[in-house]
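Report on the structure given below.
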Amino acid sequence: MPGDRLTRADLSAGSLQVAPLLLGAVLVHHDGVARVAVRLTEVEAYTGSADPGSHAHRGRTPRTQVMFGPPGHLYVYFSYGMHWCANVVCGPDGEAAAELLRAGEVIEGLDVARGRRPTARVDADLARGPARLAAALGIGRDQNGADLCAPAATLWLEPPDAGRVPGRQTLTGPRVGVSGPGGDARTFPWRFWTADEPTVSTYRPGTPRRRRAGTGGRLSGAGDADREVGRDERTATP
DNA sequence: GTTCCGATTCCCT
DNA sequence: GGGAATCGGAACC
């Protein structure tokens, strides 16, 4: 039987407020054939169109229109020519706040998830990383814009099960992979994860962009100005 | 129309 | 720890 679900009201308070609510919550995808559920262990906040690390920073475009829409919808984007990543829109209509789902633990549909992620060597790797999480859940282009709060949703969020998952410490640190200009926006502890979780993806600072493969392309980016942003701060917030 | 580059992952050293 | 794979969005000419 289906458990409780997070409501649009739950998901409308903005990315920094919603982040702790999502840790431990369970994202379920029932595509009509298979059902896979992932308990979220790591999320990352994107605060809106003023956030230089966000896709929404350049304003509303066809790609980012879902982010600018009402909360409770899934924003799915394509990255590096091969990966899909999923975000939960969690701010008022027009604000473009969203939460990137970075990692989780597959707690239901393990066999299906293993089939979708054949390269994972251990189950903890099935959804460790944003693109891996999307793959394990079967999330792709078709799920962009999905309403997680609709009565007939095939993709939805269930709140943390306090009985099964004992209270764990929530830690925060700088976001992953956000590079370039942005100053404080790069270093604010807008990444949230659950302590002592093997499914949390390893921290990597914003990547200094490399020379383009093969074609003698120029060295892109800001060169030496693009140095490491910060270490894993491990700021405890009980 | 063309170019640049990414909220990544995987494989090899 | 480093490099390649791969394609769509957005900027630029």
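- Using modelled atom types, one finds no donor on one side chain facing an acceptor on the other under 3.5 Å when comparing A:Glu105 with A:Thr41.
- Residues passing the salt bridge (charged side-chain N to carboxylate O under 4.0 Å, His left out) test with A:Arg60, sequence neighbours excluded: none.
- Minimum interatomic distance between A:Gly53 and A:Tyr46 (heavy atoms only, all atoms of both residues): O-CE2, 3.3 Å.
- With distances taken from any side-chain atom of A:Arg58 to the nucleotides B:dA7, C:dA10, B:dT8, the minimum falls on C:dA10.
- For A:Met67, taking side-chain heavy atoms from C-beta onward, the closest of the listed nucleotides C:dA10, B:dA7, B:dT9 is B:dA7.
- Nearest-nucleotide mapping onto DNA chain C: of A:His83 and A:Arg141, the residue sitting toward the 5' end is A:His83.
- The phosphate of B:dT8 (OP1 or OP2) has no side-chain N or O of A:Ser79 nearer than 4.0 angstrom.
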Protein-nucleic acid N or O pairs under 3.5 Å, nucleotides 11-13 of chain B:
none

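- If you take CG on A:Leu27 and CH2 on A:Trp156, they are separated by 9.5 Å, rounding to the nearest 0.5 Å.
- A:Thr61 places a side-chain N or O within donor-acceptor distance of the main-chain N or O of A:Thr64, the cut-off being under 3.5 Å.
- One can place CH2 of A:Trp84 at 13 Å from C1' of C:dT6, the figure rounded to the nearest angstrom.
- In this structure, A:Tyr80 places its OH atom 12 Å from C1' of C:dA5, rounding to the nearest Å.
- The residues A:Arg102 and A:Glu44 are annotated as salt-bridged, a charged nitrogen and a carboxylate oxygen being separated by less than 4.0 angstrom.
- With B:dT9, B:dA7, C:dG9 as the choices, the nucleotide that has an atom nearest any side-chain atom of A:Ala131 turns out to be B:dT9.
- Taking the charged nitrogens against the carboxylate oxygens, A:Arg117 and A:Asp125 have no contact shorter than 4.0 Å, which rules out a salt bridge.
- Distance A:Met82 CE to C:dA5 C1': 4 Å, rounded to the nearest Å.
- Rounded to whole angstrom, the span from the CZ atom of A:Arg132 across to the P atom of B:dA7 amounts to 18 Å.
- Contacts between residues 90-106 of chain A and DNA chain B, defined by a heavy-atom separation under 4.0 Å, are made by A:Leu100, A:Arg102.
- Pairs of residues two or more places apart, or lying in two chains, that qualify as ring-ring contact (aromatic ring centres under 6.0 Å, His included) and include a residue from residues 84-123 of chain A are A:Phe78-A:Trp84.
- A:Arg35 pairs in a side-chain hydrogen bond (donor to acceptor under 3.5 Å, both in side chains) with only one of the listed residues (A:His30, A:His29, A:Glu108), which is A:Glu108.
- A:Glu44 has its CD atom 12 Å from the C1' atom of B:dT8, to the nearest Å.
- Using a 4.0 Å cut-off, no side-chain N or O of A:Arg63 falls inside it from OP1 or OP2 of C:dG8.
- One interatomic measurement links the two molecules: CG of A:Leu126 to C1' of B:dC10, which rounds to 15 Å at whole-angstrom precision.
- Contacts of A:Glu99 classified as side-chain hydrogen bond (donor to acceptor under 3.5 Å, both in side chains), with partners at least two apart in sequence or in another chain: none.
- For the pair A:Trp190 CH2 and B:dA7 C1', the interatomic distance rounds to 14 Å; values are reported in whole Å.
- Stretches of at least 3 consecutive Watson-Crick or G-U wobble pairs, with each checked distance under 3.5 Å, appear in DNA chain B as B:1-6 with C:7-12, B:8-12 with C:1-5.
- Residue A:Asn144 contributes atom CG, which lies 10 Å from atom P of C:dG9 at whole-angstrom precision.
- Remark: the backbone N or O of A:Leu6 is not paired with any side-chain donor or acceptor of A:Asp10 at under 3.5 angstrom.
- Contact check on A:Arg114 versus A:Asp123 returns a salt bridge, with a Lys/Arg side-chain nitrogen under 4.0 Å from an Asp/Glu carboxylate oxygen.
- Here A:Phe78 does not count as stacked on C:dG8, because the ring centres are not under 5.5 angstrom apart with planes under 30°.
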